[in-house]
Novice: 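Take this structure, written in structure tokens, and hold onto it; I'll ask about it next.
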Amino acid sequence: MCREPRAGCPCIPLERRLPAVRARGRRMGSITVVIAVAPAIGPTIAGLILSQFSWRFLFFVMLLLALAALILGALWMKNVTEPVATPVDVFSVVLSALAFGGIVFGLSHIGESGGSVGAGVIIPLAVGVLALAVFILRQVRLQRKDLALLDLRTFKTPVFTLSVIALGISAMVLFGSLILLPTCMQSVLGMSVLQSGLLLLPGGLAMGLSSPIIGRIYDRFGPKPLAIPGTILITLAIAALSLLTVQWPWWVLLLIHVTLNIGLAMTYTPLFSTAMSELPTSMARLQWARFSRLPAPLAPRSSSPR
């Protein structure tokens with residue numbers, strides 16, 4: 001989590017200047033391709049790998065990709081910022097790790113324990129919530145001196161706060177579908193890992209192809225003509241998935257997933273652009289990288305690990 005772009009944060013985009021207002025939708029549409037489409041296409045590639053090799057080979061491929069990115073970045077990435085000695089509050093880093101790690105660990109144990117809430121759930125959640133509260137209080141104190149790891153003053157802007165909440169909900173829908181759909185396809189519909197991955201591919205392609213176009217529409221007409229119909233498409237797709245049965249043909253599931261991803265593309269770009277446009281320029285620069293963090297691609301689960 002970066003504090004300032006000029007501090008050398010490895011985020012996207014790696015430029016210091018904000019896009020011009022008239023081109024912000026197009027730029028955000030391009031960023032959405034990376035942020036949202038990579039996790040959508042990841043299950044397809046992972047399914048292809050898991051169908052031919054052991055699940056361990058998947059991590060080997062990820063290691064090669066990470067090394068390639070490291071080498072290419074070291075060779076070609078240019079420093080276009082003004083390096084400034086910026087202190088990092090180590091205690092805030094530790095608190096953030098305890099907060100989010102404890103909450104995620106506790107919630108994951110609910111599923112592993114079959115829904116029962118015991119010490120393995122309560123203790124991590126309590127530690128996470130307490131660390132999160134201390135983290136927030138510390139950021140509020142440090143941001144008065146511009147030393148906060150995460151500047152929370154941006155949330156004083158109502159439109160920014162609303163956009164962040166809506167983006168969070170959209171992200172839960174995206175990653176929830178990427179986790180549950182492959183599991184449902186393999187465990188309920190009896191599909192293979194490769195089949196479930198291929199079935200998710202058109203949705204990822206639809207999101208990637210539509211995002212730049214949606215960005216141009218945003219620049220011309222604003223967020224409402226996109227965000228409202230996009231939210232309706234997401235709602236209809238999730239409602240349809242709630243009625244899924246084993247008798248449904250595969251193409252119905254494919255159509256629902258494509259509809260869902262197009263709806264997500266219609267909400268991501270307007271919400272990104274609107275949130276950044278409502279901030280003062282000085283704060284928008286500080287928060288630019290916060291929206292640009294890449295989520296890790298999710299792989300479809302293999303029913304029988306080798």
Novice: Taking T274 for its side chain and L271 for its backbone only, find out whether a donor-acceptor pair lies under 3.5 Å.
Specialist: no

Novice: Determine whether the side chains of S92 and Q139 contain a donor N or O and an acceptor N or O closer than 3.5 Å.
Specialist: yes

Novice: Against T161, only a single residue in V164, I165, T157 fulfils side chain to side chain contact (heavy atoms under 4.5 Å, CB included); can you say which?
Specialist: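 Output: one option passes, namely I165.
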
Novice: Could I get the full list of ring pair (Phe, Tyr, Trp, His ring centres under 6.0 Å) partners for F59, not counting sequence neighbours?
Specialist: none

Novice: Heavy atoms, side chains only, cut-off 4.5 Å: are W248 and L253 in contact?
Specialist: no

Novice: Just by distance, do the side chain of Q195 and the backbone of S192 share a donor-acceptor pair under 3.5 Å?
Specialist: yes

Novice: Tell me, yes or no, whether the heavy-atom count around L236 atom CG, taken from other residues, nucleotides or ligands under 6.0 Å, exceeds 12.
Specialist: yes

Novice: Is a side-chain donor or acceptor of S51 paired with a backbone partner of L48 at a separation under 3.5 angstrom?
Specialist: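 Yes; judged by distance alone, with no hydrogens or angles, the pair exists.
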
Novice: Tell me, please, which residues at least two apart from F91 pass ring pair (Phe, Tyr, Trp, His ring centres under 6.0 Å).
Specialist: none

Novice: Distance from L63 atom CG to F57 atom CZ, nearest 0.5 Å?
Specialist: 11.0 Å

Novice: Of all the heavy-atom pairs spanning N261 and M207, show the shortest one and how long it is.
Specialist: O-CE, 3.4 Å

Novice: Just wondering, do T259 and I234 contact through their side chains at under 4.5 Å, heavy atoms?
Specialist: no

Novice: Show the nearest heavy-atom pair for residues L233 and G263, with the distance to one decimal.
Specialist: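 Answer, listing the atom of L233 first, then G263: CB-CA, 4.0 Å.
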
Novice: Heavy atoms only: give me the nearest A265-S210 pair and the separation to one decimal.
Specialist: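 Closest heavy-atom pair between A265 and S210: CB-OG, 3.6 Å.
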
Novice: For the residue pair S211 and Y268, establish whether any side-chain heavy-atom pair is separated by less than 4.5 Å.
Specialist: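 S211 vs Y268: side chains apart.
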
